[in-house]
A.B. asks: 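One structure is given below, represented as C-alpha cells, and several questions about it will come after.
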Amino acid sequence: MLQDKITQYTEEINAFSTEKADELEQFRIKFLGTKGIIKDIFDEFKAVSPEEKRTLGKVLNEFKQLAEAKYQFLKENNVAEESVKVADADLTLPGEGFEIGARHPLALVRREIIEIFNKLGFVVAEGPEIEDDWHNFSALNFPEEHPARDMQDTFFIKKGGEKGDIALRTHTSSVQVRMMEAGQPPFRAIMPGRVYRNEAISARAHCFFHQVEGLYLDENVSFADLKQTLFYFVQELYGEGTKVRFRPSYFPFTEPSAEMDISCTICKGDGCNMCKYSGWVEILGCGMVDPNVLENCNIDSKKYSGFAFGMGIERIANLKFEIKDLRLFSENDVRFLKQYKTSLI
Ligand code: DAH
C-alpha cells in the first residue's frame with residue numbers, strides 16, 4: 001500500500017516543473033510542508049511490520065531526498081530565469097541615479113572659519129568634551145563662587161576627582177588650558193568643538209552647541225593684534241566693508257575683556273529684526289589672556305602675552321544663513337539640511 005503511494009508520488013515529482021515562484025511554493029507545501037505528504041507517509045511508516053520496514057525504509061528516504069532535490073533545483077533554476085529577464089530589459093533607459101547628501105550648515109561654517117584662520121597661521125587643536133573642574137573653570141581664573149559653576153549651567157557627571165568635579169565642558173576655553181599645559185609659546189591655534197549647558201531647549205537656547213576658541217600667545221602680543229586678527233576674520237567671512245566694534249566686557253580668563261559686534265549682515269546696518277534695529281550684532285567674546293591663567297599653566301606672564309577669543313558656531317551660521325531657530329540644527333530634518341548643498345565635499 002505504502003509502496004504504491006510512494007511510486008505514484010515519485011512519478012508526480014519527476015513530472016513536475018514550473019517557473020513560477022507561487023507554484024513552486026505550492027509544491028513545497030504539498031510535499032515538504034509540516035502537514036505535507038512526506039510527513040504523512042512517515043507517520044504511516046511507523047505502523048508497518050518490522051520486515052516491511054527494512055525494505056521500505058530505504059525507499060522512503062530516497063523519496064524524501066528526491067522531493068527536496070527537486071525543490072532546490074527548481075528554486076535555483078527560477079532565480080536563473082529571473083536574471084535572464086533582467087538581462088533582457090531595455091538597457092538604454094536612463095539610470096535612476098542617486099542623491100548626494102549635503103554638508104550640515106554647522107560643518108560648512110566651521111570649515112570656513114578654520115580656512116580663514118589657517119591663512120593667518122592658526123592650527124586646529126581639540127580637547128575632550130568631558131572635563132574636570134581645573135580645565136573648565138579653575139585654571140581659567142573662575143572664582144570659587146562664580147555662578148557659571150552652578151548646577152544650573154553645568155552638567156556635572158561626578159563629584160571629586162584629582163582635578164575637581166567631572167563635568168561636560170561648558171565652553172571650548174578648556175582646550176586653551178590643555179594646550180598651554182602641554183608646551184611653551186608661541187601658540188597660534190583655533191579650537192572648534194561641542195559644548196554643553198544645562199538649559200531648557202527652545203528656539204534660542206540648547207543644551208549643546210558649538211564654539212570655536214582662539215588663542216594667540218607670544219612675546220609682545222598686544223590688543224592691536226587681537227583687533228586686526230578679528231577684523232581680518234570678519235572681512236573674509238562676511239565680506240569687505242563689514243564694520244566691527246568692541247565693547248568692554250568681563251570674562252574671568254581675560255583682562256581686559258571685550259565683546260565684538262559687527263554691522264548687521266542682513267540689513268548692513270540700516271536696522272532690521274535680526275539686529276533689533278540697532279544695526280549691530282554681537283558675534284564673539286575676546287580679550288588679553290589674564291596673567292593668572294598663564295601662571296596656572298606654567299607660562300611666564302612677564303615674558304609672554306596673548307589674546308583669546310570664543311564664538312558660537314550656531315550664531316555665525318545664524319547670521320550667514322538666517323536660521324532663526326536653534327533646534328533646526330539638531331533635528332536632522334532632511335528638508336532643512338538639503339538646502340545647504342555645496343560643491344565642496
Ligand atoms: N568662553 C566664553 C563663553 O563660552 C567665550 C570666550 C570669551 C572665550 C572670551 C574666550 C574669550 O577665549 O577670550 O562664553
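Atoms within a ligand are numbered from 1 in the order they appear, just like the ligands themselves. Not measured: the values here are computed from a predicted model.
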A.B. asks: Provide the closest heavy-atom pair for Asn141 versus Asn296 in the form atom of the first, atom of the second, distance.
C.D. replies: N-ND2, 4.4 Å

A.B. asks: Mark up the atoms of ligand 1 that fall under 4.0 Å of a heavy atom belonging to Gln211, in ascending order.
C.D. replies: 3 (C), 4 (O)

A.B. asks: Are Leu215 and Val175 close enough, and set up right, to give a side chain to side chain contact (heavy atoms under 4.5 Å, CB included), and what steps lead you there?
C.D. replies: CA-CA 10 Å; Leu215 177 70; Val175 190; over 6 Å; no

A.B. asks: Report yes or no: does a heavy atom of Phe253 sit under 4.0 Å from some atom of ligand 1?
C.D. replies: yes

A.B. asks: What do you reckon, does Thr170 have a nitrogen or oxygen under 3.5 Å from a nitrogen or oxygen of ligand 1?
C.D. replies: no

A.B. asks: Do any heavy atoms of Arg197 fall under 4.0 Å from ligand 1?
C.D. replies: yes

A.B. asks: Nearest to atom 12 (O) of ligand 1, what protein heavy atom do you find, and at what distance?
C.D. replies: Glu213 OE2, 2.6 Å

A.B. asks: Sequence neighbours left out, what passes salt bridge (charged side-chain N to carboxylate O under 4.0 Å, His left out) with Glu44? Give chain and number order.
C.D. replies: Lys5

A.B. asks: Which one holds for Cys286 and ligand 1: side chain close, backbone close, both close, or neither close, with close meaning a heavy atom under 4.0 Å?
C.D. replies: backbone

A.B. asks: Could you tell me, atom by atom, which parts of ligand 1 come under 4.0 Å of a heavy atom of Ala308?
C.D. replies: 12 (O), 13 (O)

A.B. asks: Enumerate the atoms of ligand 1 whose separation from the nearest heavy atom of Gly310 is less than 4.0 angstrom.
C.D. replies: 6 (C), 8 (C), 10 (C), 12 (O)

A.B. asks: How long is the span from the CG atom in Leu60 to the NZ atom in Lys53, to the nearest 0.5 Å?
C.D. replies: 11.0 Å

A.B. asks: Under 4.0 Å from a heavy atom of Ser173: give me the atoms of ligand 1 that qualify, with their elements.
C.D. replies: 1 (N), 8 (C)

A.B. asks: Quick check: closest heavy atoms across Gly241 and Gln235, and the distance to 0.1 Å?
C.D. replies: N-OE1, 2.9 Å

A.B. asks: Taking atom types as modelled, find out whether His135 and Glu181 have a side-chain donor-acceptor pair closer than 3.5 angstrom.
C.D. replies: yes

A.B. asks: Hey, which atoms in ligand 1 end up nearer than 4.0 Å to a heavy atom of Gln176?
C.D. replies: 12 (O)

A.B. asks: Gln211 and His171: side-chain donor and acceptor closer than 3.5 Å?
C.D. replies: no

A.B. asks: Under 3.5 Å, is there a donor-acceptor pair between the Asp290 and Thr254 side chains?
C.D. replies: no

A.B. asks: Does Met311 come within less than 4.0 Å of ligand 1, judged by its heavy atoms?
C.D. replies: no

A.B. asks: Sequence neighbours left out, cut at 3.5 Å: what donor-acceptor pairs do the side chains of residues 303-311 make with other protein atoms?
C.D. replies:
residue, atom, partner, partner atom, Å
Ser305, OG, Val221, N, 3.2
Ser305, OG, Val221, O, 2.9

A.B. asks: With atoms numbered from 1 as shown, which atoms in ligand 1 lie under 4.0 angstrom from a non-hydrogen atom of Gly287?
C.D. replies: 13 (O)

A.B. asks: Which of the numbered atoms in ligand 1 are under 4.0 angstrom from any heavy atom belonging to Thr254?
C.D. replies: 13 (O)

